[in-house]
*Asks:* 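Shown below is the structure under consideration.
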Amino acid sequence: MVNAPEPYVGDTTRSPVVAFAIGSIACALVSVGILIFYVPHPASLAWASGFSGGSAALLLAAMVSLLRRRPFAWRQFFIVARWVFLLTMVYTGMLEYVIVYDGARGKPLIIMTIVLLLTAIDIPILWAFSVARHERIPG
Amino acid sequence: MARAAKAESGPLVPLWGLAIAGAVIVVLIVTIARNWFWGIDFFHVVGGALWFSIDMFMGFVIGPILARLDVPARIAVTRRLMPKMLIIMPTVVICTLTAAWQLTQQLGLFNLPYPQHWWLVAAFIVVGFMAIIAYGVLEPANILVLLELRKPEPNGVLIGRTMRRFIYGAAVIGLLQVAVIIIMTRIATW
């Protein structure tokens with residue numbers, strides 16, 4: 001009796017890259033949420049900055065986890081990442097324009113700009129990794 | 001002798017679709033720059049309606065239909081549907097949310113005192129969850145399916161698994177949209 005090979009269902013392992021990237025996006029959203037929570041009064045920049053810092057740390061953790069992944073379909077990763085990065089930079093530019101147009105200045109503007117930039121890097125990493133992780137590497 | 005299937009080449013999404021999406025974004029920016037209240041309201045209302053309708057339709061109509069199709073039909077539908085979804089959904093979402101921010105500013109809703117301000121906070125929390133599902137589940141699944149379908153021998157099992165995740169994610173977002181509609185109608189009828 002010959003057993004048919006199991007079909008390849010992709011990478012079904014739980015990945016720290018995905019967890020860190022989504023965690024980074026979540027922290028970025030909380031950081032902005034804190035600023036919104038306090039409007040029109042001055043926001044607690046300590047908490048907003050803290051969550052922005054957390055977002056940056058989680059993004060760094062996602063990058064480290066990604067770099068440690070071997071073997072990995074880097075070609076597929078960068079094919080997807082560069083186009084998604086272009087898209088996120090267009091959106092980031094638009095949102096930055098809207099924020100500045102609305103009169104944001106000083107530290108809240110800096111925090112929101114940092115959050116936008118972090119998200120603009122998180123999303124390409126997340127999407128490109130989600131695609132490339134399922135590529136079968138020869139050998 | 002059968003010829004080996006070739007990988008598809010060319011753009012992943014229709015270029016005319018990208019041009020339309022780009023034009024919509026430009027019109028939105030001009031609308032905001034000119035501080036055109038009706039235009040901003042139009043973007044928010046139409047964008048929100050489209051977002052809600054598409055998510056509900058994908059999750060509760062298209063999804064069950066796809067599940068009942070045989071595999072070749074399912075692939076044929078998915079091959080045509082997903083490139084358009086990849087253009088439509090990010091454009092609709094960014095327009096809706098950007099217009100929402102501007103509308104909130106123009107209507108002075110950010111200056112509302114508590115407890116009414118909690119409704120804005122609630123809207124942000126719900127939209128935050130929707131953004132995480134969209135960025136973490138829907139869009140990666142969309143791209144993965146598109147790229148897999150272009151291969152000479154697409155992995156049907158992987159595509160099926162990913163499409164199920166996409167449809168369930170769209171359905172969850174559709175349900176969160178109901179919460180958004182409750183909040184929006186509450187704010188609009190103060």
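Here is the naming used below: chain letters follow the sequence lines, and residue numbers restart at 1 for every chain.
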*Asks:* What about A/Ile114 and A/Val100, same hydrophobic cluster or not, with Ile/Leu/Val/Met/Phe/Trp/Tyr joined at side-chain heavy-atom distances under 4.5 Å?
*Replies:*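 Same cluster.
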
*Asks:* Side-chain heavy atoms under 4.5 angstrom apart, residues restricted to Ile, Leu, Val, Met, Phe, Trp, Tyr: same cluster for B/Ile62 and B/Val71?
*Replies:*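 Yes, B/Ile62 and B/Val71 fall within the same hydrophobic cluster.
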
*Asks:* Rounded to the nearest 0.5 Å, what separation is found between the CE atom of A/Met94 and the CD1 atom of B/Ile29?
*Replies:*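 Here the interatomic distance stands at 6.0 Å.
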
*Asks:* Under a 3.5 Å distance rule, please check whether A/Tyr91 uses its side chain to pair with a backbone N or O of B/Ile94 as donor and acceptor.
*Replies:*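 Between the backbone of B/Ile94 and the side chain of A/Tyr91 there is no qualifying donor-acceptor contact (under 3.5 Å).
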
*Asks:* For B/Asn142, is it the side chain, the backbone, both, or neither that has a heavy atom closer than 4.5 Å to a heavy atom of chain A?
*Replies:*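 Answer is neither: B/Asn142 stays 4.5 Å or more from chain A.
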
*Asks:* Could you measure the distance from the CD1 atom of B/Ile132 to the CD1 atom of A/Ile22? Nearest 0.5 Å is fine.
*Replies:*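 The distance works out to 7.5 Å.
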
*Asks:* Show the nearest heavy-atom pair for residues B/Pro140 and A/Trp127, with the distance to one decimal.
*Replies:*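 Closest approach of B/Pro140 to A/Trp127, heavy atoms only: CG-CD1, 3.5 Å.
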
*Asks:* Mind checking whether B/Val121 and B/Ile187 sit in one hydrophobic cluster, side chains of I, L, V, M, F, W, Y counted as touching below 4.5 Å?
*Replies:*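 Per the 4.5 Å side-chain linkage, B/Val121 and B/Ile187 are co-clustered.
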
*Asks:* Go through the atoms of B/Ala33 and report whether side chain, backbone, both or neither lie under 4.5 Å from a heavy atom of chain A.
*Replies:*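 When you check distances to chain A, atoms from both the backbone and side chain of B/Ala33 fall under 4.5 Å.
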
*Asks:* Sort B/Pro90 into side chain, backbone, both or neither according to what part of it lies under 4.5 angstrom from a heavy atom of chain A.
*Replies:*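 Both backbone and side chain.
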
*Asks:* Any heavy-atom pair between the side chains of A/Ile123 and B/Glu139 that's under 4.5 Å?
*Replies:*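 Side-chain contact under 4.5 Å: no.
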
*Asks:* Side chains of B/Asn155 and A/His134: closer than 4.5 Å at any heavy-atom pair?
*Replies:*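 Heavy-atom side-chain distance check fails, nothing below 4.5 Å.
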
*Asks:* Checking B/Ile143 against chain A: side chain, backbone, both or neither under 4.5 Å from a heavy atom?
*Replies:*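 Interface part for B/Ile143: both.
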
*Asks:* Would you mind checking which part of A/Leu29 comes under 4.5 Å of any heavy atom in chain B, side chain (CB onward), backbone (N, CA, C, O), both or neither?
*Replies:*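 Both backbone and side chain of A/Leu29 come within 4.5 Å of chain B.
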
*Asks:* If you count the non-hydrogen atoms of other residues, nucleotides and ligands that lie under 6.0 Å from OH in B/Tyr168, is the total more than 12?
*Replies:*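 For B/Tyr168, atom OH is not crowded (no more than 12 foreign heavy atoms under 6.0 Å).
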
*Asks:* Within the supplied structure, the quantity of interest is the number of heavy atoms (other residues, nucleotides, ligands) at a distance under 6.0 Å from A/Phe51 CZ; does it exceed 12?
*Replies:*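 Result for CZ/A/Phe51: open.
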
*Asks:* Is there a path of hydrophobic side-chain contacts, each under 4.5 Å between heavy atoms of I/L/V/M/F/W/Y residues, joining B/Val180 to B/Val45?
*Replies:*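 Hydrophobic grouping puts B/Val45 apart from B/Val180.
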
*Asks:* Quick one: does any side-chain atom of A/Tyr101 pair with a main-chain N or O of B/Ile32 as donor and acceptor, under 3.5 Å?
*Replies:*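 Looks like yes, one N/O pair under 3.5 Å.
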
*Asks:* At a 4.5 Å cut-off on heavy atoms, which part of B/Leu28 comes close to chain A: side chain, backbone, both, or neither?
*Replies:*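 The side chain, not the backbone.
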
*Asks:* So for A/Val32, is it side chain, backbone, both, or neither that comes closer than 4.5 Å to the heavy atoms of chain B?
*Replies:*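 Both the backbone and the side chain of A/Val32 come within 4.5 Å of chain B.
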
*Asks:* What distance separates B/Tyr135 OH from A/Asp122 CG, expressed to the nearest 0.5 Å?
*Replies:*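 With rounding to 0.5 Å, OH (B/Tyr135) is 11.0 Å from CG (A/Asp122).
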
*Asks:* Flag yes if more than 12 heavy atoms outside A/Trp83 fall under 6.0 Å of its CH2 atom; otherwise flag no.
*Replies:*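 Open: at most 12 neighbouring heavy atoms sit under 6.0 Å from CH2 of A/Trp83.
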
*Asks:* Quick check on the hydrophobic clustering: are B/Val46 and B/Leu97 connected, directly or via other members, by side-chain heavy-atom contacts under 4.5 Å?
*Replies:*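 Yes, it is one cluster - the side chains of B/Val46 and B/Leu97 are joined through contacts under 4.5 Å.
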
*Asks:* Just give me the residue among A/Val98, A/Ile99, A/Ile25 that pairs up with chain B most often, heavy atom to heavy atom, under 4.5 Å.
*Replies:*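 So the answer, after comparing A/Val98, A/Ile99, A/Ile25, is A/Val98.
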
